[in-house]
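Reckoned from all heavy atoms, side chains included, excluding hydrogens, waters and symmetry mates.
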Amino acid sequence: MSDRDRSISIGNTRFRPRLRTALALLVVLAVGIAGILAAGWTRANYANPKRFYVHDLPAAQSSPAVSSRVVLVVSDGLRDDVARQLPNMSSLGRRPDAAFLRSVTGVPSLSTPGAINLLCGVGPVQSGFPLNESKGEVSVECLFETVAAAGLSSAVAGVGEGFNTHFYLPNTEVFARPSSPSHIESYVPQDFESFQATKKALQTKASFLYLYFPDVDELSHLYGALSRQGLDAAKIVDGFVGEIAATLDFSRDTLIVTSDHGHRDEGGHGGYEWLARRSPLLIVGRGIKGGSTADVAQSQIAPTIAALLGVPRPRHAEGMPLLEDLEVSGSVAESIRQAHEVALERKLRADLAKLSDRPAAPGDVEVLKMQISEAGWTRGVREGLRRTPYAIVLLGALSVCLAFCRALRKESLLGGITAAGVFAFFMWATGWRLTISQFNVVSDETRLTLALLGASAAGVFVGSLVSKISGRIIALSNRPFSEHLVATTSAAQGVAGLLVAWMLVYYGLEYSWRLPDLRLGLPTFWAMYASGFAAISAGVLTIVVWLASVARERRRKKRVDQREQQGSLSAAESETRFSLTENVPPAHSSSSEFNPSVKGR
């Protein structure tokens, strides 16, 4: 076989594995794109779950009024420990007609879910607004509606111009401030504008006032909850609270100061952290019994406001009013308790009936809550079993992909597990944890994307090296590194697929009556994105390896050609010398044959 035929044969044998690797890479990329699309779809479903708990309920009964006016002041993001050190709030909390409590938020502990919980008494799961980006109008009944139904008016001040896109505001005056973009590094403080709007609202005859101040939250996001900027903003709000209190007559009015959530020390909220979920709850004035410092649910604030004003409670509210902290007569307390228990029992029976798919019998509130918990567990098991075949199909499809990509070999599986471990370590080392409290500013979304991309690339590269080395040791194989890249990525996608299959069985990918625990859902969500980023990284690295291989092959071929050329030249020179040697007559022949004298002798 000639050298040219041998090089063509070698090229063909190298082309076939590259073609298979290219096809396997396309499969890996397809799985990765599916993972990214599934992650986006899952996030959209989480942000906008079905309104499962919005029932058509009759209006609740009213009870005797305790206070003529209730002013609810909300300082967005104000922490409980910070509030207790502020002079005006701590002074008001020491009054005999004041209770300085702690409010425990729902999860996610974010602003929009918190505002709905404060005004409607409904947490993130039942309101259908788990995130700030959740869309649509609030479908549950809120205080503005019940106050209007009782023939009273409300006023709202300091909110952004888009506040009424979420809430239905009958018989309500709105004094909005100019909106400023949130969670950006160039944020301009807005509390002074909010206070100007607040002064206008206080001049109205509204029975219920909702006054909102955003700066503590925004500056805590940018600089930290205990930063100078965040604490200065809290002091400014405390000064406004003192001025608002000075305009009220506590013999007939009630002031409530709280926040929609807290903040971590470094800033951020939304997760399960104690500092993110605890908010101050200062209630002072008419109808308040002093001295209490207990922890209460945020969903109890709206029913308490309804009880103070003597208006029907929001019909979808989840909590009872803070009866232990109300300074009222026994008959009034019993009237409040009965009105709220009847409405809450009706709401719980509707929840139980929808969860269990059968009518619910009347019962005690606490018994109904236990039955709802049991019905939720039963429904979860039933739905999980129904979704199990889909998870099996998903894992089966991934197994076919792994087999085609030759990722079921021992070294490839080891490389995939290593890649997943490197990914997790990279995310931890770069400061990312399984909580949404770490998203402080808009640019954090970009930081997370870059971290996921970097962790995926590092995992694929290190996992492929482990696969390459272990392949030589375990299987005594010498597959090209590009094959290890693709196989390792496919194996890592298999690991991500196990998380997705578990999520699919336990929670599903569409949500209504419950939401995934974020501490368990975030790893799955990141794994979906990582499967796509890992595929992109594997594609880039494979192309780089191939280009390097082509360049190396060209250099080798060039050296072979040079050696062949040098060999041809040497052969030509030898042949030329040989021919010249044959054509030259020997010296002794010339002297004997052509010399007459020699011949004659």
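You'll find the side chain of Arg479 reaches within 4.5 Å of the side chain of Arg406, heavy atoms only. Side-chain contact between Tyr53 and Val140 is absent, with no heavy-atom pair separated by less than 4.5 Å. Thr449 has its side chain out of reach of Leu453: every pair of non-hydrogen atoms, C-beta onward, lies at least 4.5 Å apart. Side chains of Thr378 and Ser356 form no contact here, defined as non-hydrogen atoms less than 4.5 Å apart. With a 4.5 Å cut-off on side-chain heavy atoms, Leu355 and Phe52 count as touching. Side-chain contact check for Arg433 versus Trp428: some heavy-atom pair is nearer than 4.5 Å. In this structure, Glu483 and Thr488 have side chains that are not in contact, with every pair of non-hydrogen atoms separated by 4.5 Å or more. In this structure, the side chains of Pro130 and Pro113 stay at 4.5 Å or more apart for every pair of heavy atoms.
Contacts of Ala176 classified as side-chain contact (heavy atoms from CB on, under 4.5 Å), with partners at least two apart in sequence or in another chain: Glu161, Val174. Scanning for ring-ring contact (aromatic ring centres under 6.0 Å, His included) contacts around His484 gives an empty result, with sequence neighbours left out. Every residue two or more places apart in sequence or in another chain was checked for a ring-ring contact (aromatic ring centres under 6.0 Å, His included) with Phe461, and none qualifies.
Side-chain atoms of Asp76 do not come within 3.5 Å of backbone N or O of Ser259 as any donor-acceptor pair. In this structure, the side chain of Ser412 does not engage the main chain of Leu408 through any donor-acceptor pair within 3.5 Å. No side-chain donor-acceptor contact under 3.5 Å links Arg278 to the backbone of Arg79. In this structure, Ser490 contributes its side chain and Val486 its backbone to no donor-acceptor pair below 3.5 Å. In this structure, the side chain of Arg277 does not engage the main chain of Gly262 through any donor-acceptor pair within 3.5 Å.
Each of Pro189, Ser75, Ser220 was compared with Asp215 under the side-chain contact (heavy atoms from CB on, under 4.5 Å) criterion, and only Pro189 meets it. Each of Leu465, Thr418, Leu414 was scored for a side-chain contact (heavy atoms from CB on, under 4.5 Å) with Ser470, with one residue passing: Leu414.
Checked against a 6.0 Å centroid threshold, the rings of Phe167 and Phe163 count as neighbours.
Note that the OG atom of Ser512 and the CD atom of Glu383 stand 6.5 Å from one another [nearest 0.5 Å]. Taken to the nearest 0.5 Å, the CD1 atom of Ile474 stands 12.5 Å off from the CZ atom of Arg409. For the atom pair NZ of Lys354 and CD1 of Ile372, the computed distance is 13.0 Å after rounding to the nearest 0.5 Å. Taken from CG in Leu222 to CD in Gln229, the straight-line distance is 8.5 Å, to the nearest 0.5 Å. To the nearest 0.5 Å, atom OG of residue Ser227 and atom CD of residue Glu266 are 11.5 Å apart. A distance of 12.0 Å separates CG in Asn117 from CG in Leu110, rounded to the nearest 0.5 Å.
In Phe404, the CZ atom is crowded: over 12 heavy atoms of neighbouring residues, nucleotides or ligands sit closer than 6.0 Å. Summarising the local packing, CD of Glu137 is surrounded by 12 or fewer heavy atoms from other residues, nucleotides or ligands at distances under 6.0 Å.
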Open item on the list: Evaluate Tyr507 against Leu515 for side-chain contact (heavy atoms from CB on, under 4.5 Å), listing each step before the verdict.
Closed with: CA-CA 8 Å; Tyr507 286 113; Leu515 293 173; over 6 Å; no

Open item on the list: For Leu448 and Phe439: C-alpha separation, side-chain torsions, deciding distance, then whether side-chain contact (heavy atoms from CB on, under 4.5 Å) applies.
Closed with: CA-CA 9 Å; Leu448 175 62; Phe439 297 101; 3.5 Å; yes

- [ ] Just do the side-chain contact (heavy atoms from CB on, under 4.5 Å) check on Glu411 and Ile469 with the steps written out, would you?
- [x] CA-CA 8 Å; Glu411 64 270 21; Ile469 296 170; over 6 Å; no

TODO: Could you please spell out the steps behind the salt bridge (charged side-chain N to carboxylate O under 4.0 Å, His left out) verdict for Arg177 and Asp191?
DONE: CA-CA 9 Å; Arg177 57 176 171 79; Asp191 277 0; over 6 Å; no

Open item on the list: Quick one, Val107 with Asp517, criterion side-chain contact (heavy atoms from CB on, under 4.5 Å). Give me CA distance, side-chain angles, the key distance, then yes/no.
Closed with: CA-CA 9 Å; Val107 179; Asp517 186 322; over 6 Å; no

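Ser279 and Gln298 form no side-chain donor-acceptor contact under 3.5 Å, judged by distance and modelled atom types alone.
For the pair Arg472 and Phe481, the cation-pi test (distance below 6.0 Å, angle within 45°) is failed.
A salt bridge links Arg379 with Asp357: the distance from a Lys NZ or Arg NE/NH1/NH2 to an Asp or Glu carboxylate oxygen falls below 4.0 Å.
Here ring-ring contact (aromatic ring centres under 6.0 Å, His included) pairs that include residues 521-541, with residues two or more places apart or in two chains, are Phe525-Tyr529.
Using cut-offs of 30° and 60° on the angle between ring planes, the pair His269 and His261 is parallel.
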Which donor-acceptor pairs under 3.5 Å do side chains of residues 493-505 form with protein atoms, sequence neighbours excluded?
residue : atom : partner : partner atom : Å
Gln493  : NE2  : Val28   : O            : 3.0
Gln493  : NE2  : Ser531  : O            : 3.1

Please set out all donor-acceptor pairs under 3.5 angstrom arising from side-chain atoms of residues 42-50, sequence neighbours excluded.
residue : atom : partner : partner atom : Å
Thr42   : OG1  : Ala38   : O            : 2.7
Arg43   : NE   : Glu133  : OE2          : 3.3
Arg43   : NH2  : Glu133  : OE1          : 3.0
Arg43   : NH2  : Glu445  : OE2          : 3.3
Asn45   : ND2  : Trp41   : O            : 3.3
Asn45   : ND2  : Leu509  : O            : 2.9
Asn48   : OD1  : Lys135  : N            : 2.8
Asn48   : ND2  : Ala44   : O            : 3.4

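Shortest non-hydrogen contact noted between Asp444 and Trp432 is O-CH2, 3.6 Å. Here the shortest heavy-atom pairing between Leu413 and Ala407 reads CD2-O, 3.2 Å. Contact detail for Gly136 and Phe129: the closest heavy-atom pair is O-CZ, 3.3 Å. Of all the heavy atoms in Val122 and Ser127, the pair that sits closest is CG1-N, 3.3 Å. Nearest heavy atoms, Thr112 versus Asn132: N-OD1, 2.8 Å. When all heavy atoms of Asp217 and Ser111 are compared, the pair lying nearest together is OD2-OG, 4.2 Å.
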